[in-house]
2 protein chains.
Amino acid sequence: MKAAILSVGTELLFGQITNTNTVYLSQQMNIMGFDVMYHYTVGDNPGRVEDMINLAFEDCDLILTTGGLGPTQDDLTKEVACKVMDDRLVMMEDVLEEIVKYFKTLGREMTENNKKQAVMPSRATVFHNDAGTAPGFALEKNGKYIICMPGPPREMTRMFQKSVLPFLQAMSEDVIYYRVARMFGIGESMLETKLLDLIDHQTDPTLATYAKEGECSLRVASKRHTAQEAKEAVDEVMKTVNERLGEYIYSFDDEELVQVVCKKLMDKGLTISSAESCTGGLFAKSVTDIPGISKCFDRGIVTYSNRAKMEGLGVKEETLEKYGAVSEKTALEMAEGLKRLSGSDICISVTGIAGPGGGTEEKPVGLVYIGFIYGDVELCKKVQMRNVNRKWNRHYALLSMLDVINKNI
Amino acid sequence: MKAAILSVGTELLFGQITNTNTVYLSQQMNIMGFDVMYHYTVGDNPGRVEDMINLAFEDCDLILTTGGLGPTQDDLTKEVACKVMDDRLVMMEDVLEEIVKYFKTLGREMTENNKKQAVMPSRATVFHNDAGTAPGFALEKNGKYIICMPGPPREMTRMFQKSVLPFLQAMSEDVIYYRVARMFGIGESMLETKLLDLIDHQTDPTLATYAKEGECSLRVASKRHTAQEAKEAVDEVMKTVNERLGEYIYSFDDEELVQVVCKKLMDKGLTISSAESCTGGLFAKSVTDIPGISKCFDRGIVTYSNRAKMEGLGVKEETLEKYGAVSEKTALEMAEGLKRLSGSDICISVTGIAGPGGGTEEKPVGLVYIGFIYGDVELCKKVQMRNVNRKWNRHYALLSMLDVINKNI
């Protein structure tokens with residue numbers, strides 16, 4: 001089925017916000033097998049919203065709209081959709097009750113204009129909003145569908161997952177199931193090469209590869225008559241994928257590497273400390289992004305200067321002079337010093353050249369050494385990454401550290 | 001003049017990439033006084049690209065397109081634009097020479113299909129691409145303009161700044177000048193209230209406020225016959241803004257607070273170290289994002305556990321017991337311990353509750369203490385922020401730390 005996505009909101013035309021709703025909906029719709037043909041954005045202007053809906057229906061059978069469902073005067077998507085679909089607006093008492101309840105829970109007073117949000121097209125399938133007040137809805141006429149959702153991404157994505165997705169799935173006789181494998185240490189072109197036979201002859205399940213900041217992911221999706229069939233089809237392909245690429249895969253559930261590592265640490269009840277040079281605290285920051293990690297993360301030391309490496313971690317002056325700050329020996333002494341200080345189960349260190357300056361022929365920008373101590377294991381991993389820019393290099397160093405931990409605990 | 005932005009690329013419809021080009025162009029066009037009426041996105045399909053151009057011209061006099069200018073078979077924007085504007089394609093030898101030169105510089109072989117990129121509509125004003133091979137162009141017919149640019153954001157933004165912007169400015173008799181003041185410590189509604197008289201009666205210069213993750217900014221723009229006149233008009237308004245809001249403003253040139261602080265540190269040749277608890281390394285990470293800061297940043301210590309605070313920074317056990325880890329006394333002892341260890345000119349510490357857990361009635365999530373030592377100054381700043389979520393709270397704590405440094409050095 002051909003679909004269009006219509007975003008309503010003058011703030012989008014001013015460039016005040018990035019349209020992430022459209023990205024999210026496009027991904028979700030494509031996974032479900034819809035052909036997304038157009039994205040449109042218009043301001044809060046009923047005439048232009050109506051024109052766009054009519055235009056989209058010339059070519060598509062389904063329109064998803066976001067925005068323009070709020071309580072204020074310029075929120076007019078509902079009125080326009082109702083008009084185009086030849087319906088009339090009625091007050092829905094059960095919807096009103098929910099909105100009243102929502103305001104009570106927040107302890108806020110409900111203003112008169114909020115009642116407007118309980119007025120709905122009479123034939124609408126109403127979608128509850130559990131992150132805000134404006135409900136969404138679906139409306140059908142002669143086999144054409146319009147689905148209207150609120151604009152704030154948090155409200156829209158929750159409503160999509162909870163209500164719109166099942167509604168769309170019910171429109172089809174088939175069920176979609178998919179999994180996303182995430183990988184580190186392999187490039188997208190190599191990934192494609194390794195799976196070329198599967199990608200070239202794909203019908204169902206479909207395989208799609210994505211590259212993202214030093215990582216790759218692979219989505220395997222199947223559309224079958226039953227959830228069980230779809231799951232089995234995906235699992236079978238994933239089994240082959242795992243046989244060929246298992247060493248690179250860190251998640252089959254589309255998780256971030258830092259989430260995978262932190263979950264492991266929490267599950268195993270391990271403590272960890274970090275000593276960073278080139279990443280400048282990025283490792284500590286990323287790990288402490290995860291709620292609950294305070295049980296595991298003891299301390300992080302960012303020794304940017306050589307003096308700090310000696311004073312703060314006990315790296316030997318001779319080591320820095322003989323091998324340099326960016327060396328296997330320094331990385332190991334950083335980890336060893338950290339172990340003495342913290343006694344954490346896992347001690348990880350990193351030293352390298354993030355750029356743009358500081359590189360030499362012998363030690364180019366992008367060279368990184370990672371020291372790691374856990375139980376009897378003490379190792380140093382050397383990584384020479386492609387020098388993209390400071391930000392990317394630091395990010396890749398972080399992923400490399402997480403990868404070392406993930407593979408060794 | 002009414003304008004539309006048309007993005008061409010099937011990858012956008014798949015949701016594989018976020019359309020940042022449209023945000024950028026919308027901002028730029030609005031600053032220049034164009035009314036952006038529509039955003040459209042279509043796949044690499046000549047028929048649909050043509051339909052969209054014709055549709056946009058019904059209402060608009062200017063269309064900006066991005067994407068579909070590359071060397072491959074599915075890049076067809078140029079051909080379609082040429083057809084709609086009743087022109088014919090010709091090989092432009094000077095453009096070809098530039099492409100040949102580009103490949104030579106990179107040391108890469110030029111394939112035959114790259115020659116296609118030197119074929120241009122005969123009446124086109126060609127825009128050089130100095131970050132890639134596909135040139136852009138502008139084409140006019142009966143007072144309607146189409147401007148085609150490449151899709152990769154880096155190529156597009158450079159071309160826009162260097163060639164398209166002057167082209168658009170030349171279409172107008174007027175010149176645009178603007179400045180962006182950035183502020184911390186004031187909300188958008190308070191900002192508006194303080195400038196209400198200026199905002200309500202604005203004609204030229206225009207004032208626009210934006211809120212972004214705990215910060216606010218104000219853009220003042222003027223469109224006059226000469227650059228000098230526009231600059232003077234903006235400067236005069238900014239003078240008033242500074243009189244009313246100077247205490248909150250950290251940049252008049254749209255810089256990030258971390259950039260402003262790091263520049264100050266580098267200019268003054270000051271050394272700095274940090275001791276972090278709740279921000280978990282975010283401060284160290286953000287400061288070391290800035291190239292060249294290694295001259296100033298000595299070390300960062302992330303003491304997440306109480307033990308680490310005692311062992312790593314010499315915070316007293318009695319202090320932690322009596323006042324708790326999140327207290328003025330602990331923040332100051334962290335900064336003092338750091339000063340003893342590092343001897344850095346500036347020592348800054350932070351301890352607080354980032355959430356989602358860990359808050360109490362007395363010490364709710366979002367409470368943060370910042371310790372600061374510089375020369376004779378030793379102070380502690382208490383910040384009770386609105387609890388949004390862990391990520392936002394940590395970000396706001398970072399901004400508060402940077403603000404303390406900025407105001408005290």
Side-chain angles (χ1 to χ4, degrees), chain A residues 7 12-20 22-30 36-43 48 55 210 273-274 276 279-289 291-292 294 297-305 307-308 311-312 341-342 354-358 390-391 394, chain B residues 7 12-20 22-30 36-43 48 55 210 273-274 276 279-289 291-292 294 297-305 307-308 311-312 341-342 354-358 390-391 394:
Chain A
S7 310
L12 291 161
L13 297 177
F14 281 132
Q16 285 171 356
I17 52 171
T18 305
N19 195 338
T20 55
T22 299
V23 178
Y24 173 83
L25 291 173
S26 299
Q27 287 174 352
Q28 296 291 323
M29 296 298 283
N30 275 287
V36 178
M37 306 295 285
Y38 305 98
H39 298 165
Y40 306 111
T41 304
V42 289
R48 283 191 282 274
L55 176 79
Y210 304 90
S273 290
S274 59
E276 302 176 66
T279 50
L282 177 61
F283 178 87
K285 182 260 171 199
S286 303
V287 168
T288 58
D289 275 340
S294 57
F297 189 74
D298 179 48
R299 70 190 78 183
I301 301 185
V302 182
T303 51
Y304 224 55
S305 69
R307 197 164 66 84
E311 289 175 6
L341 281 174
S342 68
R390 184 178 176 88
K391 194 181 164 194
R394 279 159 53 105
Chain B
S7 310
L12 290 162
L13 297 178
F14 281 130
Q16 285 171 357
I17 53 171
T18 305
N19 194 339
T20 55
T22 298
V23 178
Y24 174 84
L25 291 173
S26 298
Q27 287 173 350
Q28 297 290 323
M29 296 299 281
N30 275 288
V36 178
M37 305 294 285
Y38 305 98
H39 299 165
Y40 305 112
T41 304
V42 289
R48 284 192 280 272
L55 176 78
Y210 303 91
S273 289
S274 58
E276 303 175 65
T279 49
L282 178 60
F283 178 87
K285 182 261 170 198
S286 303
V287 168
T288 58
D289 275 339
S294 57
F297 189 75
D298 179 48
R299 71 189 78 182
I301 301 185
V302 181
T303 50
Y304 223 54
S305 68
R307 196 164 68 83
E311 289 175 8
L341 281 173
S342 68
R390 184 178 176 87
K391 193 180 165 196
R394 278 158 54 104

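The basis for the numbers below is simple: all heavy atoms, side chains too, and nothing from hydrogens, waters or symmetry mates. This is a predicted model, so every value here is computed, not measured. Each chain gets a letter, A, B and so on, in the order its sequence line appears, and its residues count up from 1.
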- prompt: Do you know which of B/Ser273, B/Gly355, B/Gly43, B/Ala308 has the most heavy-atom pairs under 4.5 Å to chain A?
  reply: B/Ala308
- request: Count the heavy-atom pairs under 4.5 Å between each of B/Ser305, B/Gly300, B/Gly281 and chain A, then report the option with the highest count.
  value: B/Gly300
Quick one: what part of [X] sits under 4.5 Å from any heavy atom of chain A, side chain, backbone, both or neither?
{"X": "B/Pro291", "value": "both"}
{"X": "B/Leu55", "value": "side chain"}
{"X": "B/Tyr210", "value": "side chain"}

With a 4.5 angstrom heavy-atom cut-off, which part of [X] approaches chain B: side chain, backbone, both or neither?
{"X": "A/Leu341", "result": "backbone"}
{"X": "A/Ser274", "result": "neither"}
{"X": "A/Thr18", "result": "both"}
{"X": "A/Tyr38", "result": "both"}
{"X": "A/Ser294", "result": "both"}

- prompt: Is the count of non-hydrogen atoms from other residues, nucleotides or ligands lying under 6.0 Å from B/Tyr24 atom OH greater than 12?
  reply: yes
Which atom pair, heavy atoms only, marks the closest approach of [X] to [Y]?
{"X": "B/Asp298", "Y": "A/Arg307", "result": "OD2-NH2, 4.0 Å"}
{"X": "A/Gly15", "Y": "B/Val23", "result": "O-CG1, 3.4 Å"}
{"X": "B/Tyr40", "Y": "A/Tyr40", "result": "CD2-CD2, 3.5 Å"}
{"X": "A/Asp289", "Y": "B/Arg390", "result": "O-NE, 3.2 Å"}

task: To the nearest 0.5 Å, tell me how far B/Thr288 OG1 sits from A/Leu282 CG.
output: 8.0 Å
message: So, taking the atom named CD in B/Gln16 and the one named OG in A/Ser26, what distance separates them when rounded to the nearest 0.5 Å?
response: 10.0 Å
message: Using side chain to side chain contact (heavy atoms under 4.5 Å, CB included), reason through A/His39 and B/Leu13 one step at a time and then give a plain yes or no.
response: CA-CA 7 Å; A/His39 298 165; B/Leu13 297 178; 3.6 Å; yes
message: Shorter than 4.5 Å, heavy atoms on both sides: which option in A/Met29, A/Lys391, A/Arg48, A/Glu276 has the most such pairs with chain B?
response: A/Arg48
- request: Give the C-alpha distance, both sets of side-chain angles, the deciding distance and a yes or no for side chain to side chain contact (heavy atoms under 4.5 Å, CB included) between B/Arg394 and A/Lys285.
  value: CA-CA 10 Å; B/Arg394 278 158 54 104; A/Lys285 182 260 171 199; 3.9 Å; yes
